[in-house]
Asks: 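What follows is a single structure, and I will ask about it in a moment.
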Amino acid sequence: MWLTRERVFYAGLLGAAAERSLGGHGVYVSPAGRPNRIRIGGGAWQSGELLVVPPQVPHRVESEEPLILNLLIESESVDPAQLPDFLQRCGAVEAPDFVRHVRAAHARLLAAAGRERFGDLDFDTLFFGRPLVARPIDARIRQVVERIVDDPALPVSAEECAASVRLSFSRFLHLFKQEIGVPFRAFRAWKRARSLLRHVRQSATLTDIALDTGYPDSTHFSHSIRQVYGLRPSDILAGSRRLAVFQ
């Protein structure tokens, strides 16, 4: 797994995931040509080698293969209107050139592991052939976003954030959703759940990880993680024992 502040690339086990709802633009690619299946909400199943899901859209993915290639693009980092056409869709998408490109990028990363620092590579250029266009964000909202991204475990409320940038509570909530594309509470919950990815190779207990990532207890932690990833935290950690993580 290659993990940055604004991007994630995961090549590993999918597991028996239930419905999930990720906070970024999700991209699923089958590593060896067999189509994966996706169901958006309660809709019909769709099949394809490339599956695309916008942020905060509940979905379930199944794969005939144990492994899957998964990219995640943080919603606040890209202009949705400037994304490649196939990334602006939802469900199974036909983009064979991009599928081949992702598989080639995965092969390069496998070859580079242990010999080349991933930080020396440009994520967008490697996977998309060019940098994705950044999202223009109001400076006040960007200040709040960076505060949450820097420390997702910080117990900061919307009221506190509004006051810190001198906005009324209602104006702040409206402007945040307008600028980021998702409500403040959903954004904060996603960043907290995303921070679990930095702990998947640690030997700490679930309770310790829950507290480190800002959850009040392991019960709340488990419930929130299952809503986001469709898996229990214990299953995520068990499936990551042989996972190499690059940050």
Side-chain angles (χ1 to χ4, degrees), residues 1 3 7-32 34-75 87 89-93 102 152 181-183 185-202 204-243 245:
M1 180 168 62
L3 182 62
R7 309 283 189 267
V8 179
F9 173 66
Y10 171 76
L13 298 172
L14 175 62
E19 187 174 81
R20 56 175 56 183
S21 183
L22 305 175
H25 298 270
V27 179
Y28 301 90
V29 174
S30 61
R34 295 182 181 179
N36 297 320
R37 301 205 311 156
I38 188 169
R39 183 169 66 186
I40 308 297
W45 285 97
Q46 305 174 47
S47 298
E49 294 183 48
L50 171 62
L51 312 175
V52 177
V53 189
Q56 303 294 339
V57 172
H59 63 283
R60 182 172 181 179
V61 174
E62 292 183 351
S63 174
E64 294 184 19
E65 305 176 46
L67 302 180
I68 197 165
L69 307 180
N70 181 202
L71 291 92
L72 188 70
I73 311 300
E74 295 300 319
S75 61
L87 278 183
R89 303 183 190 181
C90 182
V93 179
V102 170
V182 297
R185 181 173 293 183
F187 179 83
R188 185 184 59 184
W190 158 244
K191 291 302 182 183
R192 189 165 291 175
R194 186 191 193 274
S195 68
L196 170 65
L197 301 179
R198 299 188 180 277
H199 296 264
V200 294
R201 291 300 309 276
Q202 292 185 3
T205 67
L206 285 177
T207 299
D208 288 339
I209 294 176
L211 295 175
D212 285 345
T213 49
Y215 294 94
D217 53 60
S218 57
T219 300
H220 188 191
F221 172 60
S222 180
H223 176 73
S224 298
I225 294 301
R226 289 190 69 175
Q227 282 190 316
V228 171
Y229 296 107
L231 294 163
R232 297 179 300 178
S234 57
D235 292 334
I236 293 175
L237 298 181
S240 303
R241 287 172 183 159
R242 299 178 60 187
L243 183 69
V245 179

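Note that the structure is predicted; figures quoted are calculated from it, not measured.
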Asks: Any luck finding a side-chain donor-acceptor pair between Gln56 and Trp190 under 3.5 Å?
Replies: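 Distance-only check fails for Gln56 and Trp190.
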Asks: Can you pull out every salt bridge (charged side-chain N to carboxylate O under 4.0 Å, His left out) where at least one residue sits in residues 211-233? Sequence neighbours excluded, please.
Replies: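 The answer is Arg232-Asp235.
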Asks: For the backbone of Ala210 and the side chain of Thr213, can you confirm whether one donor and one acceptor N or O come within less than 3.5 Å of each other?
Replies: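 It does hold such a pair.
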Asks: Apply side-chain contact (heavy atoms from CB on, under 4.5 Å) to the pair Val8 and Met1, showing each step before the final yes or no.
Replies: CA-CA 7 Å; Val8 179; Met1 180 168 62; 4.1 Å; yes
Asks: Taking atom types as modelled, find out whether Ser30 and Asn36 have a side-chain donor-acceptor pair closer than 3.5 angstrom.
Replies: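 No - no donor-acceptor pair under 3.5 Å links their side chains.
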Asks: Can you tell me which residue pairs pass the side chain to side chain donor-acceptor pair (under 3.5 Å) test with a partner in residues 43-54, sequence neighbours excluded?
Replies: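 Passing the test, one end in residues 43-54: Glu49-Arg103.
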Asks: For Thr219, is there any backbone N or O sitting under 3.5 Å from a side-chain donor or acceptor partner on Ser222?
Replies: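 No, because the side chain of Ser222 does not come within donor-acceptor range (under 3.5 Å) of the backbone of Thr219.
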Asks: With Tyr10 as reference, evaluate Leu71, Leu243, Val245 under the side-chain contact (heavy atoms from CB on, under 4.5 Å) test and give the passing residue.
Replies: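 Only one of Leu71, Leu243, Val245 forms a side-chain contact (heavy atoms from CB on, under 4.5 Å) with Tyr10, namely Leu243.
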Asks: Can you sort out the partners of Asp208 under side-chain contact (heavy atoms from CB on, under 4.5 Å), two or more places apart, ordered by chain and number?
Replies: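 Listed in chain order: Ala204, Thr205.
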Asks: Give me the atom names and distance for the closest heavy-atom approach of Ile40 to Cys90.
Replies: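 Scanning both residues completely, I find the closest heavy atoms to be CD1-SG, 3.8 Å.
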Asks: Could you label the plane-to-plane angle of the Tyr215 and His220 rings as parallel, tilted or perpendicular, counting under 30° as parallel and over 60° as perpendicular?
Replies: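 Rings of Tyr215 and His220: perpendicular, over 60°.
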Asks: Give the minimum heavy-atom separation between Thr207 and Ser218, together with the two atoms involved.
Replies: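 Minimum heavy-atom contact is OG1-CB, 4.0 Å.
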